[in-house]
Every structure is written in C-alpha cells, then in structure tokens.
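Heads up, the thing below is written out as structure tokens.
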Amino acid sequence: MKPRDRILSRLRHGRAASPATPYPAPETTAVTPSAPNIDSMVSALEAAHAQVFRMAEADWPDHLASLATERNWQQWWVGRDEAAATWQAHGSAPSVTVFEDWDGQKAALFDSAPISLSQAQGGIADTGTLIVESRPEAPRTLSLVPPVHVVIVREDSLFPDMPAAMVFYSRHGMPTNLIFISGPSKTADIQQTMAYGAHGPRELIVYLCR
Amino acid sequence: MSGFTDHPDQDFGVRIHDALGDAELRESFHGAMTFLRDKRRAQFPDADALETLRDSGAAIRDRALAQLPDLLEQLEDRCRHNGIQVHWAETADDANRIITGLIRAVNGQRIVKGKSMATEEIGLNTALEDAGFTCLESDMGEYIVQQAHETPSHIIMPAIHRNKASIARQFAEQIPDTPYTEDVDELIGTGRRVLRRAFAEADVGISGVNFAIAETGTLCLVENEGNGRMSTTVPDTHIAVMGIEKVIEKLADLPDLMRLLPRSATGQAITTYVNMISGPRREDECDGPRQVHLVLIDNGRSRIYADRQLRATLRCIRCGACMNHCPVYERLGGHAYGTVYPGPIGQVVMPQLFGLDHAGKLTQACSLNGACGEVCPVRIPLPDLIRRLRHEGVSADPASPVRGHGRQRRVSEALIWRAWQWIHTRPAVYRLVTRAATRARRLLPPLPRAWTRHRAPLEPAERSFQEWVRHHKKDHRP
Amino acid sequence: MNAPAIHRVYLFGTCLIDVFHPRAGMAAVRLLEREGIEVVFPEEQTCCGQPPYNSGYDDEARAVARQVVRRFNEPIPVIVPSGSCAGMLRHHYPSLLADGPLAEAAQDLAARTYELHEFLNRVLQVTWQDHGDPVKIVMHTSCSARREMGVSEDGLALLKQLKGVDVCEPENAEACCGFGGTFAVKMSDISAAMATDKCSAIRATEADQLLSSDCGCLLNIDGMLRKQGANLPAEHLAEFLWKRTGGDTP
Ligand code: SF4
C-alpha cells in the first residue's frame with residue numbers, strides 16, 4: 001500500500017471504530033446585510049492604516065495626478081487592467097512601466113519600482129478588504145512588491161461581507177490566486193510594536209469610486 | 001540555549017526552574033500576554049455573539065473531521081485538477097524526504113520559507129541542512145529567531161521572548177552595515193532589506209497552510225507581513241506543507257473561521273492578507289510559481305483521530321489564544337516546554353505525538369484553571385484533554401490509545417490513591433481519620449516541603465464539620 | 001419572579017471544609033435553615049473525588065463518585081459550598097460514570113447540583129440586611145466557580161446587598177491563584193509563582209479581609225499570606241455572609 005492509502009485507511013478505520021456526533025452547528029449565525037456598508041469599508045481600511053479617497057470614477061486620475069506631484073511619484077508600474085489603461089491615457093505620469101515579462105523585469109520590479117497602480121476586482125465592506133484576483137492582465141506581484149500600492153475599486157463591486165464573497169467564488173470558481181488585502185503590510189514581531197511595510201507595501205492608497 | 005526535543009520530559013524541571021528565575025523573560029511574557037489578551041477582549045465586545053461564533057467554529061472543524069478521509073480525497077482530486085501536485089507523508093522523516101526530493105528535482109539553490117508550524121514540527125530546517133540546503137526564514141519573528149540559532153517560543157509570535165534591545169544588538173552584530181538602533185521601524189526596515197534580496201533570488205518557497213478547502217482545491221494562508229505571499233508567489237516552485245487535519249469542506253466555512261482566527265490570535269479584526277492559492281501560474285499569467293506542491297503530513301494525527309475524545313485535538317486552528325491565556329505559559333514562556341507547540345495545546349498534542357513516556361510530564365504543568373478552554377475559538381476542551389492524558393499516563397489499560405501510556409505511573413503515588421480510595425469509601429474510617437487530624441492537629445505528618453516552602457503549614461480545625469453536624473442534628477431533633 | 005418552593009436540600013460538605021473550614025459548613029447550614037429549608041446531611045459523605053480524578057486516577061475517583069451518587073439519590077437539590085466540588089458533581093460525574101449502571105443517576109444528580117451562593121442568589125433569591133461595621137473586603141473567585149460553574153456573579157451579588165461592605169476584586173481577578181490541588185505540590189515552583197502574584201494583587205487592594213467560596217484557594221492564598229506575615233485574615237464567603245446578616249458565630 002502507498003502512504004496515501006495507509007493514511008486514509010487508518011483514518012477510515014479510526015472513524016469506524018469510534019464514531020462521534022460532530023459538534024452541533026449554532027442555529028443563529030450572522031445574516032449578510034442586503035447592501036455593502038460603504039462607511040464601514042472606509043473606516044476599517046483607515047483603521048488598518050490605509051489612505052482612502054472617495055469620488056466619482058471619472059475624477060480619480062486628476063486627483064491621483066496632483067497627489068503624485070505632491071509626493072513626487074514618478075515611476076509607475078502597472079499591468080494591463082482598466083486602471084492602468086485610464087492612467088496611461090491620462091498621461092500625467094512621467095513614466096509608466098507595464099509589467100508583463102516576469103523573467104525580464106523581475107529584478108527591476110524588486111529594485112526600482114517605487115509605486116504600483118492596479119484595479120481591485122471587488123471588496124468586502126464589512127472588513128475593509130480589497131479583493132485582488134490574479135489575471136493575465138493583473139500580475140499578482142504588483143500588489144506586493146512596490147513600497148506604495150494605489151488601488152482603484154468600485155463601490156458597486158463591493159460585497160457586504162465575507163460570506164457573500166465566498167458565495168460568489170463558490171459559484172464562479174476560484175482564480176489561481178485570490179488575495180484579500182486589508183491594509184498595508186505590517187508586523188508586530190518586535191516587542192508588539194506595530195511597524196508598517198514589513199515585506200509588502202508600506203502604503204496602501206485606495207480610491208473608492210462611484 | 002533553547003531547542004526542541006523529542007523528549008521534553010527530560011530536564012523539564014530544570015527548564016522550569018531556569019525560566020522562573022529569569023526576571024527579564026518573565027517581564028517580556030507578562031507584558032506580551034497582557035497586551036494580547038486585552039486586544040483579543042476588545043475584539044469580542046458581545047459575549048453572546050462570541051459564544052455563537054465559537055459554536056460555529058467548533059461545528060465547522062468537527063464536521064470537517066467527521067469527513068476527514070473523504071475531504072482529503074476530494075482535496076487531492078481538486079488540487080490535481082488545478083495543477084497542484086499532492087504528496088502524502090506518514091511521518092516527519094517521510095515529509096522531509098519528499099520535500100528534499102522536490103527541491104533536488106528543480107535543482108533548488110535558494111530557499112525561503114514563510115512561517116509554518118508544520119515545518120517546525122517535522123524539523124524541516126535541520127533536515128534541509130543535513131541535505132546541504134539552507135532555508136531562510138522570512139517571517140520577521142522567525143528570521144530573528146533563526147539568526148540567533150533559537151527556536152520560536154510562541155506559535156504566532158516566534159520572537160515574543162525577545163525585547164527590542166536584544167534584537168538591536170543581534171542585528172548590529174550579525175548583519176553587515178547595520179548600526180545599533182532600538183527604533184522598531186528601522187529594525188524592521190533592516191529585516192525587509194535583507195529578506196527582499198532573498199525573495200528576489202529565491203527559486204523555492206516553502207509555506208504552511210492555514211486552511212485547505214476541499215470544495216475548490218484551495219490553499220488558504222493568513223498573514224500580515226507579506227512574506228507568505230512572497231514565498232508562495234515569487235519563487236518558481238512553491239511547496240506547501242500541512243497537517244492532514246487542516247482541510248475544511250467548503251469556501252462557505254472560511255468566513256467564520258476567519259472571524260475567529262485573527263481575533264483570537266492577535267486581536268485583529270482581519271489579517272492584512274488572506275492568500276488563497278488554487279494552482280500554479282497559468283500559461284497566460286505573467287507571474288506566480290510554475291509548480292505548486294502540497295505535502296500532506298500525518299505524523300501521528302491518524303492515531304489521535306482514532307480516539308473519540310482526543311479527536312477534538314485536531315480541531316485546532318493554531319491561533320495561540322490558549323497559550324496567551326495560560327497562567328503557566330505566561331510565567332514559563334514557550335522554551336521551557338521544549339516543544340514546537342508550547343502551552344495548553346502543546347501539552348495536549350506533544351504527549352500524543354511523542355508518547356506519554358517522553359512528554360507525559362508536560363501534562364502536570366497545569367492547574368486545570370480552565371482559562372484555555374474558555375477562549376479556544378473551536379472549543380477544544382483543553383482541560384479535559386489534559387486530564388485525560390494524565391489518566392492515560394498512569395493507566396495500566398493495555399487498550400489505551402496513547403503511546404507510552406502508564407509510563408507516568410509511580411508505585412508510591414498509585415499506593416497513595418489506593419489508600420485514599422480505601423479511606424474515602426469507608427465513611428467510618430474517614431471519620432476516624434478526620435477525628436485524628438483535628439485532634440492531633442500539630443502531630444500530623446509534615447506536609448511536603450513543596451507546600452510549606454512557600455506557605456504557612458496547614459492547620460486543621462479543632463472539630464470537624466461532621467462532628468458539628470451530628471451535634472446540631474441532636475439539638476434540632478425533637 | 002417567584003422562587004420555587006423548596007423545603008429540603010442536601011448539603012455536600014466537602015472534605016476541605018470538614019477538616020479546615022468547618023465554620024463555612026456551619027454557616028451554609030444556618031443560611032439555608034434560616035430560609036426555612038430542611039438541610040439533609042448524609043453522614044456517609046467524604047470527598048467528591050477530585051484529587052485522584054485530577055491526577056488521572058479515574059478508578060479511585062469513580063469509586064467515591066458512585067458512593068455520592070447512590071447516597072444523594074432523593075430528587076432534591078444538592079448544595080455544595082465550593083465551586084470546584086460542585087463542578088465535579090455537575091460536570092464530571094456524568095462522564096466519569098457514563099459507562100456504568102449509574103450513568104442516569106449521575107446525570108440526574110448533576111442537574112440538581114448547585115454551588116451554595118448560586119443557590120442562595122438565583123434560586124432562593126434571598127434578600128438580606130447588613131448588621132456589621134463598615135469593612136473593605138477583597139473577593140477571590142475560584143476558577144471553577146468562574147469558568148466551570150459560571151457563578152462568579154452570585155457571590156458578588158450577595159455581597160452587594162450588604163450596605164456596610166465595600167467589595168473589591170484584585171487586579172487580574174480572573175487569574176488562577178495557583179492551587180490546582182496536587183499541582184501545588186507536583187509543580188510547586190510554578191504554583192508558588194502564581195500564588196505570589198495573586199497575593200501581591202490581593203494585598204494591593206488594602207482590604208481588611210479576604211473572602212473566597214473555595215477552600216482550596218483559601219488554603220493556598222491564606223497559607224502564603226501568613227507566611228508573608230500579611231495581616232489579612234481569610235474567611236469563607238458563607239461564614240462572612242452569615243455573620244454579617246445577623247447570625248451569631250456559627
Ligand atoms: S487549541 Fe484552541 S486556542 Fe489553542 S491554538 Fe488551538 S485553536 Fe487556538
């Protein structure tokens with residue numbers, strides 16, 4: 001017998017020899033609210049140290065352009081998603097690199113990519129969470145490697161809570177990598193003192209668009 | 001020097017003594033535990049809602065365990081379908097052999113690892129070193145601990161026994177071009193700098209798994225730092241290692257577990273990242289690992305599973321709340337246990353993994369105060385399990401399901417309890433004894449020094465309560 | 001809400017009260033009798049079986065548990081002036097005796113077992129007048145009373161009825177005092193470390209007196225306080241309640 005079969009047969013044997021009634025599920029569990037609570041999306045993200053801007057969808061490029069000037073953000077890294085296209089069309093950024101060649105661009109991504117911009121496919125209002133799927137047009141490392149990450153997300157793409165999101169993915173299937181992001185990277189591993197930017201982005205900037 | 005051992009009973013007393021004598025260590029743990037307890041409490045303002053949520057957590061994990069072999073088959077099937085290669089390991093050695101083989105097969109040179117208790121359990125780092133590989137721990141706490149040649153002292157916060165001054169000294173000594181600083185942002189910045197290089201160059205990433213979802217063949221990893229995402233995204237090969245009990249039935253089971261895990265662990269509403277991996281990079285994707293492997297480890301779990309009561313051990317989601325609330329752990333710290341899993345869950349898991357002959361004594365370091373059982377998000381009855389293992393430790397029953405059963409039995413103690421039973425099942429004898437104790441008060445055999453070293457001697461009353469009752473009854477009867 | 005009419009109860013005296021704190025037992029009897037209840041005290045009782053049970057000696061504990069279940073068989077409440085012994089009867093007898101002929105009887109006993117103060121406060125819903133001088137007391141609730149029995153509020157609620165009594169709890173009130181039965185001897189250093197912290201917290205309250213409804217904790221804490229030379233008398237809660245509410249020395 002292979003290890004696999006031995007393990008499975010031990011489990012089946014153990015179960016048959018001492019059957020047990022599983023712990024009963026509670027009758028009342030939380031009910032998903034009918035609509036996402038935008039305020040809670042904002043406050044939870046802010047509590048997690050993210051910066052949140054709310055505006056009409058058409059307005060974010062101008063707003064971001066002035067923020068970029070203020071912060072002196074020059075070198076943008078993007079994928080081929082909607083936010084990238086809008087940002088490139090806006091034309092205000094001095095340099096926009098499209099990340100599409102892992103082997104060729106990986107070193108530069110780690111060494112000289114200060115800021116990335118991407119579209120989130122959705123969010124979870126209850127917990128202040130952005131939902132980011134890996135897709136051909138949306139490389140997963142863009143939300144991870146550059147120290148500053150700007151995310152565009154639509155209010156109407158938000159789920160009220162995590163159960164609602166799970167219902168969706170259960171129905172539609174999972175992408176190869178589904179990532180929930182609820183703030184910038186952080187750690188409290190040194191004497192319980194919170195520090196941001198442990199390995200991922202130090203700053204998370206969210207445009208929540210109508 | 002701290003280290004994990006497969007015979008934690010050995011020198012347990014010495015380690016306890018040393019830990020209790022280390023004022024700085026006790027200060028660190030007291031501060032950290034108070035902090036974590038307060039944060040957890042703040043996350044659960046509604047006691048009833050918390051109890052319902054714990055019911056749900058227990059039910060979800062128990063339902064998964066009830067179908068464990070079937071869910072594992074389903075998980076394997078879905079993972080294969082998604083392009084994840086699945087491997088089964090019966091023992092720690094088997095797992096290490098499989099992982100080493102996988103690294104050799106891709107000619108891996110630079111290995112990074114995200115925090116994983118399963119790999120600690122199997123001693124993967126040592127096995128890799130023996131095979132000629134070095135594996136860099138990338139979680140900040142694990143990195144600090146590995147660099148100091150120590151072991152984690154807590155399952156969630158590995159460097160919790162260290163204060164920032166000692167970490168500052170370590171970084172200044174061991175990392176080139178690093179000035180001494182106690183500024184935590186700068187210290188983390190240093191770690192970030194060193195580990196970024198390692199991530200960029202790594203060809204193999206190893207991680208644990210918090211939950212594996214059978215329905216979709218998904219590996220779910222929960223973290224704040226992003227090192228887990230780095231380890232599972234950047235290297236060409238990702239090897240995920242998990243105990244077979246970690247499987248859950250479906251995506252819909254995840255939300256309640258996610259409501260429980262980070263809050264119970266660190267008092268956070270949610271972790272920064274929930275990383276759900278359902279396959280390697282697809283043809284049309286630009287990044288992500290080209291190979292994903294899942295190594296399923298039994299390592300004694302199927303034996304735990306075979307006992308109806310002890311099976312609850314396997315519900316554990318490794319949140320660490322039980323140790324955060326344990327008054328013994330708070331005073332000893334994690335290293336005194338000598339085990340990968342310290343604190344209450346360690347006192348339950350370790351004797352079952354290593355045998356009661358090697359780890360049975362751990363079960364004695366418990367006052368049965370119940371604080372752990374009260375906070376466990378999946379309602380593992382930890383005090384009951386500790387008591388059960390004490391029983392197996394002294395049980396002569398050959399049918400005992402736990403290895404090394406009976407090996408904690410001492411003839412002297414067994415005789416004491418026999419005598420105790422003899423007296424306490426004979427009320428007349430019992431009354432003679434209590435009469436003697438109350439009359440002879442100071443002539444009693446001296447109490448163990450263990451009691452009187454710290455406390456005044458016990459003083460029986462002049463008359464026992466039962467004597468009083470007999471008089472009282474006479475007075476009151478017509 | 002009307003208290004159900006109860007005329008008879010059993011008292012389970014516990015072995016520690018029997019030998020070390022008989023006054024607590026006497027007070028329990030008086031407190032119940034004052035409410036017009038007949039207290040039945042079966043003479044065949046000894047101990048609930050916790051010491052061997054918690055040490056893993058289930059057979060020895062079972063032998064004693066059987067005796068208790070058989071003897072306390074009338075369908076009347078069983079009152080226990082100790083959270084941990086009450087917890088043993090209510091929560092552990094059913095599993096300890098689950099596989100034998102007394103399984104049902106153990107369940108039945110568990111269902112009518114009460115911790116004394118729980119019974120006074122919740123079932124009898126007593127109301128009292130305070131007859132003593134102003135005093136500040138510090139209350140230590142045992143882990144069994146708090147967690148296993150869930151009766152930590154009852155003792156405090158009864159104390160709150162007493163006008164002259166200023167009640168406080170030590171910092172980290174929910175922390176274990178380190179007793180744990182044989183734990184105090186088998187792991188004496190850890191136990192002492194826990195007891196030391198508990199004693200410091202208790203002394204920091206600057207209360208005049210320490211109360212607890214569990215004799216194990218009392219022996220442990222009071223033993224250490226006396227060794228430390230602290231002037232902080234310890235008493236069982238029942239005894240204190242009896243004296244404050246007009247009872248003479250029990
Ligand atoms: S036993 Fe419970 S409290 Fe302890 S780590 Fe496991 S899940 Fe958390």
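Sequence lines set the chain letters: A, B, ... in the order given, protein chains first and strands last, and positions in each chain run from 1.
- Note on B:R162, B:E283, B:R281, B:R282: by heavy-atom pairs under 4.5 Å with chain A, the leading option is B:R281.
- Residue contact with chain A, scored on non-hydrogen atoms closer than 4.5 Å, involves the side chain of B:E215 exclusively.
- The parts of B:S302 that come within reach of chain A are both its backbone and its side chain, each placing non-hydrogen atoms under 4.5 angstrom from that chain.
- No salt bridge links A:K106 with B:D236; every basic N to acidic carboxylate O contact stays at or beyond 4.0 Å.
- Proximity to chain A is absent for every atom of B:A269, based on heavy atoms less than 4.5 angstrom apart.
- For a residue to count as touching a neighbouring chain, one of its non-hydrogen atoms must lie under 4.5 Å from one of that chain's; by this rule B:T266 does not touch chain A.
- Proximity to chain B (any heavy atom under 4.5 Å) is restricted, for A:T129, to the side chain, taken from C-beta onward.
- In terms of modelled atom types and a separation under 3.5 Å, the side chain of B:R308 and the main chain of A:P19 share a donor-acceptor contact.
- Taking chain A as the reference chain and counting heavy-atom pairs below 4.5 Å, the highest number among B:A306, B:S278, B:G226 is found for B:S278.
- A:F110 and B:R196 get closest at one heavy-atom pair: O-NH1, 3.9 Å.
- The residue among A:L130, A:V132, A:I181, A:L204 with the most heavy atom pairs within less than 4.5 Å of chain B is A:I181.
- Heavy-atom distances place the side chain of B:E76, and not its backbone, under 4.5 Å from chain A.
- The structure places CD1 of A:I190 at 11.0 Å from CD of B:E182, a figure rounded to the nearest 0.5 Å.
- A heavy-atom distance below 4.5 Å is found between the side chains of B:M230 and A:L144.
- The two residues A:W102 and B:C286 come nearest to each other via the heavy atoms CB-O, 3.0 Å.
- B:E51 does not touch chain A: none of its heavy atoms, backbone or side chain, sits under 4.5 Å away.
- For chain A, the nearby parts of B:I277 are the backbone and the side chain; heavy atoms of each come within less than 4.5 Å.
- Among A:P175, A:A17, A:G197, A:A44, the residue with the largest count of heavy-atom pairs under 4.5 Å with chain B is A:G197.
- If you measure heavy-atom distances from B:L36 to chain A, you find no contacts under 4.5 Å at all.
- With hydrogens and angles disregarded, a donor-acceptor distance shorter than 3.5 Å links the side chain of A:Q191 to the backbone of B:K164.
- A donor-acceptor pair under 3.5 Å is formed between the side chain of B:R192 and the backbone N or O of A:G200.
- The choice from A:S170, A:A25, A:G183 that makes the most heavy-atom pairs within less than 4.5 Å of chain B is A:S170.
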Next item on the list: Show the numbers, then the answer: is there a side-chain contact (heavy atoms from CB on, under 4.5 Å) between A:T187 and B:N227?
Entry: CA-CA 10 Å; A:T187 184; B:N227 68 304; over 6 Å; no

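- Heavy atoms of B:R303 lying under 4.5 Å from chain A are absent altogether.
- Looking at A:P3, the atoms closer than 4.5 Å to chain B (heavy atoms on both sides) sit in the backbone and in the side chain alike.
- Between chain A and the residues B:V234, B:L254, B:L68, B:T233, the most heavy-atom pairs under 4.5 angstrom are made by B:V234.
- Closest approach of B:E285 and A:S134 over heavy atoms only: OE2-OG, 3.3 Å.
- For A:H13, the NE2 atom counts as loosely surrounded, since its 6.0 Å shell holds 12 or fewer non-hydrogen atoms of other residues, nucleotides or ligands.
- Heavy atoms of A:Q192 lying under 4.5 Å from chain B belong to its backbone as well as its side chain.
- The part of B:A89 that comes within reach of chain A is its backbone (N, CA, C, O), which places non-hydrogen atoms under 4.5 angstrom from that chain.
- Chain B forms more heavy-atom pairs under 4.5 Å with one residue of A:S143, A:S9, A:G173, A:G79 than with any other, namely A:S143.
- Your options are B:P280, B:A200, B:G217, and the one with the most heavy-atom pairs under 4.5 Å with chain A is B:A200.
- In plain terms, the two heavy atoms of A:A195 and B:V184 that are nearest each other are CB-CG1, 4.2 Å.
- Looking at heavy atoms from C-beta onward, A:P22 lies out of side-chain contact with B:Q67 at the 4.5 angstrom threshold.
- With a 4.5 angstrom heavy-atom cutoff, B:S138 touches chain A only via backbone atoms.
- Judged by distance alone, the side chain of B:R311 and the main-chain N or O of A:S18 form a donor-acceptor pair under 3.5 Å.
- The choice from B:G288, B:A49, B:A252 that makes the most heavy-atom pairs within less than 4.5 Å of chain A is B:G288.
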Note to self: Run the side-chain contact (heavy atoms from CB on, under 4.5 Å) test on A:R6 and B:D298 for me, step by step, so that the C-alpha distance in whole Å, both residues' side-chain angles and the decisive distance to 0.1 Å come before the verdict.
What the structure shows: CA-CA 10 Å; A:R6 277 199 295 269; B:D298 181 340; over 6 Å; no

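- Residues B:R229 and A:S185 have side chains that never bring a donor and an acceptor to within less than 3.5 angstrom of each other.
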Next item on the list: Decide yes or no on salt bridge (Lys or Arg N to Asp or Glu O under 4.0 Å) for B:D94 and A:K2, but give the supporting numbers first.
Entry: CA-CA 12 Å; B:D94 292 348; A:K2 291 185 297 184; over 6 Å; no

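- Residue contact with chain B, scored on non-hydrogen atoms closer than 4.5 Å, involves the backbone and the side chain of A:V145 alike.
- Inter-residue side-chain proximity for B:R315 and A:Y23 is flagged as met; some heavy-atom pair is nearer than 4.5 Å.
- Note: B:E73 CD to A:L8 CG = 5.0 Å, rounded to the nearest 0.5 Å.
- To the nearest 0.5 Å, atoms OG (B:S231) and NE2 (A:H199) are separated by 8.0 Å.
- Distance NZ/A:K186 to CD/B:E225: 11.0 Å, rounded to 0.5 Å.
- Heavy atoms of A:A107 lying under 4.5 Å from chain B are absent altogether.
- For chain A, the nearby part of B:F35 is the side chain; its heavy atoms alone come within less than 4.5 Å.
- The parts of A:P201 that come within reach of chain B are both its backbone and its side chain, each placing non-hydrogen atoms under 4.5 angstrom from that chain.
- Once rounded to the nearest 0.5 Å, the distance linking OH of A:Y169 with OG1 of B:T218 reads 11.5 Å.
- Comparing B:P158, B:P69, B:A159 by how many heavy-atom pairs each has under 4.5 Å with chain A, the most go to B:P69.
- Under the 3.5 Å distance criterion, the side-chain polar atoms of A:R140 are matched with a main-chain donor or acceptor of B:D287.
- Closest of all the heavy-atom pairs between A:A198 and B:I188 is CA-CG2, 4.0 Å.
- With A:N177 contributing its side chain and B:M276 its backbone, the two residues share a donor-acceptor pair below 3.5 Å.
- Neither the backbone nor the side chain of B:I84 comes within contact range of chain A; no heavy atoms are under 4.5 Å apart.
- A:M174 has its side chain within reach of B:L251: a pair of non-hydrogen atoms, C-beta onward, lies under 4.5 Å apart.
- Residues A:R12 and B:D70 are paired through a salt bridge, judged by an N-O separation under 4.0 Å between the basic side chain and the carboxylate.
- In this structure, the separation between CZ on B:R301 and CD1 on A:I7 is 10.5 Å, given to the nearest 0.5 Å.
- Using a 4.5 Å cut-off between heavy atoms, A:F99 touches chain B through backbone and side chain atoms alike.
- Within the 4.5 angstrom heavy-atom criterion, atoms from both the backbone and the side chain of A:A20 approach chain B.
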